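All values reported here derive from a predicted model rather than from experimental measurement.
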Amino acid sequence: GKRVERGHLHPLSIAVQDIVSIFSSLGFEIAEGPEIETEWYNFDALNIPAGHPARDLMDTFWLLRSQKSQISNLKSQRLLLRTHTSPVQIRYMQNHQPPLRIIAHGKIFRYEATDASHDFEFHQLEGLMVDKDISIANFKAIIETFFQKFFKADIRIRLCPSFYPFVEPGFDVFITCTQCR
């Protein structure tokens, strides 16, 4: 008989590899950052003020002082498990000048009730493009190309303006059905 190979990549790992490969082929660099983050990078540098609902204990895993002491170079700063991948963008922009074209992906953590479709740990992917003459048309073309490559199909998208408290402008992205078109 044929020997069955043991072990395989997790479906999420495969999807992340595909996503990274697609964005790399579109000229994006992959930016990474720490999962344990400072309050400054996670909130202050992103203009999320003290008292904002995003900082609420209900959403954020703050680390206790005893946990901070184990990370010697960050003793004086409040630490948390990052609640989004936007701090990666801040860190990248500190060391690079425009034009920029990056994606930041990774695990993020939010103190949420868990059920079959919600967990306190999940993955997020976000992109940043800074250059002269960048517009929503660039965003639309990149997102449409991404979905076509990801689903290996002729996907069309529709952008609908929508409100998101941390993004301006914000859009919902709808794609054609991969089965029935």
Side-chain angles (χ1 to χ4, degrees), residues 9-48 52-55 59-60 80-110 112 117-178:
L9 289 175
H10 189 280
L12 184 58
S13 297
I14 295 168
V16 168
Q17 284 178 350
D18 288 348
I19 290 166
V20 165
S21 175
I22 292 166
F23 277 104
S24 292
S25 76
L26 295 173
F28 284 78
E29 288 185 58
I30 311 308
E32 296 180 343
E35 292 174 3
I36 295 177
E37 195 52 91
T38 65
E39 182 177 24
W40 190 85
Y41 281 106
N42 201 80
F43 295 123
D44 297 335
L46 295 162
N47 294 322
I48 301 172
H52 191 280
R55 291 186 185 225
D59 295 319
T60 305
L80 58 127
L81 296 179
R82 69 179 177 196
T83 60
H84 47 191
T85 53
S86 297
V88 176
Q89 294 181 21
I90 299 297
R91 290 176 180 278
Y92 189 89
M93 287 187 291
Q94 284 181 319
N95 298 310
H96 298 84
Q97 293 298 314
L100 306 173
R101 187 182 273 212
I102 66 167
I103 60 165
H105 73 91
K107 286 189 253 179
I108 63 169
F109 307 88
R110 297 205 184 137
E112 296 186 8
S117 62
H118 295 87
D119 200 4
F120 63 87
E121 175 191 320
F122 51 99
H123 282 73
Q124 183 176 30
L125 173 105
E126 56 186 87
L128 174 68
M129 217 167 116
V130 179
D131 201 351
K132 295 176 182 172
D133 301 320
I134 297 295
S135 70
I136 299 302
N138 299 100
F139 171 73
K140 184 177 181 188
I142 288 167
I143 295 300
E144 191 166 66
T145 301
F146 165 76
F147 282 122
Q148 289 173 355
K149 289 183 176 207
F150 188 76
F151 289 111
K152 297 172 180 62
D154 184 28
I155 301 290
R156 296 287 167 235
I157 70 165
R158 184 178 68 195
L159 298 180
C160 293
S162 191
F163 174 74
Y164 296 96
F166 306 112
V167 178
E168 180 60 39
F171 297 97
D172 287 330
V173 179
F174 297 94
I175 68 171
T176 53
C177 177
T178 59

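Closest approach of Tyr164 and Gly170 over heavy atoms only: CD1-CA, 4.1 Å. Contact detail for Ile102 and Ala31: the closest heavy-atom pair is CD1-CB, 4.0 Å. Contact detail for Met93 and Leu100: the closest heavy-atom pair is CG-CD1, 3.6 Å. Here the closest heavy-atom approach between residue Ile48 and residue Asn42 is recorded as CD1-O, 4.2 Å. Across all their heavy atoms, Gln89 and Gly127 have their closest contact at NE2-O, 3.8 Å. The two residues Cys160 and Phe174 have their closest heavy-atom pair at SG-CE1, 3.6 Å.
Under the salt bridge (Lys or Arg N to Asp or Glu O under 4.0 Å) criterion, Asp172 pairs with no residue, sequence neighbours left out. Phe109 pairs by the ring-ring contact (aromatic ring centres under 6.0 Å, His included) definition with nothing, not counting sequence neighbours. Checked against side chain to side chain donor-acceptor pair (under 3.5 Å), His118 has the following partners two or more places apart in sequence or in another chain: Asp115. Applying the ring-ring contact (aromatic ring centres under 6.0 Å, His included) test to Phe122 and every residue at least two apart in sequence or in another chain returns nothing. Taking the ring-ring contact (aromatic ring centres under 6.0 Å, His included) definition, one finds that His123 meets it with nothing, sequence neighbours left out. For Gln148, there are no side chain to side chain donor-acceptor pair (under 3.5 Å) partners at least two apart in sequence or on another chain. Residues that satisfy the salt bridge (Lys or Arg N to Asp or Glu O under 4.0 Å) test with Asp154, not counting sequence neighbours, are Arg156. By the side chain to side chain contact (heavy atoms under 4.5 Å, CB included) test, Gln94 pairs with Trp40, Tyr41, sequence neighbours left out.
Note: Asp119 CG to Arg110 CZ = 12.5 Å, rounded to the nearest 0.5 Å. Remark: Phe150 CZ to Ile143 CD1 distance equals 12.5 Å, nearest 0.5 Å. Here OG1 of Thr145 is found 8.5 Å from CD1 of Ile157. Values are rounded to the nearest 0.5 Å. The distance from the CG atom of Leu80 to the OG1 atom of Thr38 is 7.5 Å, given to the nearest 0.5 Å. The distance from the CD1 atom of Ile19 to the CG atom of Leu125 is 6.0 Å, given to the nearest 0.5 Å. To the nearest 0.5 Å, atoms NZ (Lys140) and CZ (Arg158) are separated by 10.5 Å.
Between Phe28 and Phe23, the ring planes lie perpendicular to each other; the angle is over 60°, past the 30° to 60° tilted range.
With Glu126 contributing its side chain and Ala104 its backbone, the two residues share no donor-acceptor pair below 3.5 Å.
Counting heavy atoms from C-beta on, the side chains of Pro34 and Arg91 come closer than 4.5 Å. Here the side chains of Phe43 and Thr83 are in contact, with some heavy-atom distance below 4.5 Å.
Listed by first and then second residue, the side chain to side chain donor-acceptor pair (under 3.5 Å) pairs that reach into residues 99-108 come to none, sequence neighbours excluded. Sorted by first and then second residue, the pairs that involve residues 12-26 and meet side chain to side chain donor-acceptor pair (under 3.5 Å), not counting sequence neighbours, are Ser25-Lys149.
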Taking only distance into account, with no hydrogens and no angle test, what donor-acceptor pairs under 3.5 Å do side-chain atoms of residues 132-139 form with protein atoms, sequence neighbours excluded?
{"unit_1": "Ser135", "atom_1": "OG", "unit_2": "Ala137", "atom_2": "N", "d": "3.2"}
{"unit_1": "Ser135", "atom_1": "OG", "unit_2": "Asn138", "atom_2": "OD1", "d": "3.4"}
{"unit_1": "Asn138", "atom_1": "OD1", "unit_2": "Ser135", "atom_2": "N", "d": "2.7"}

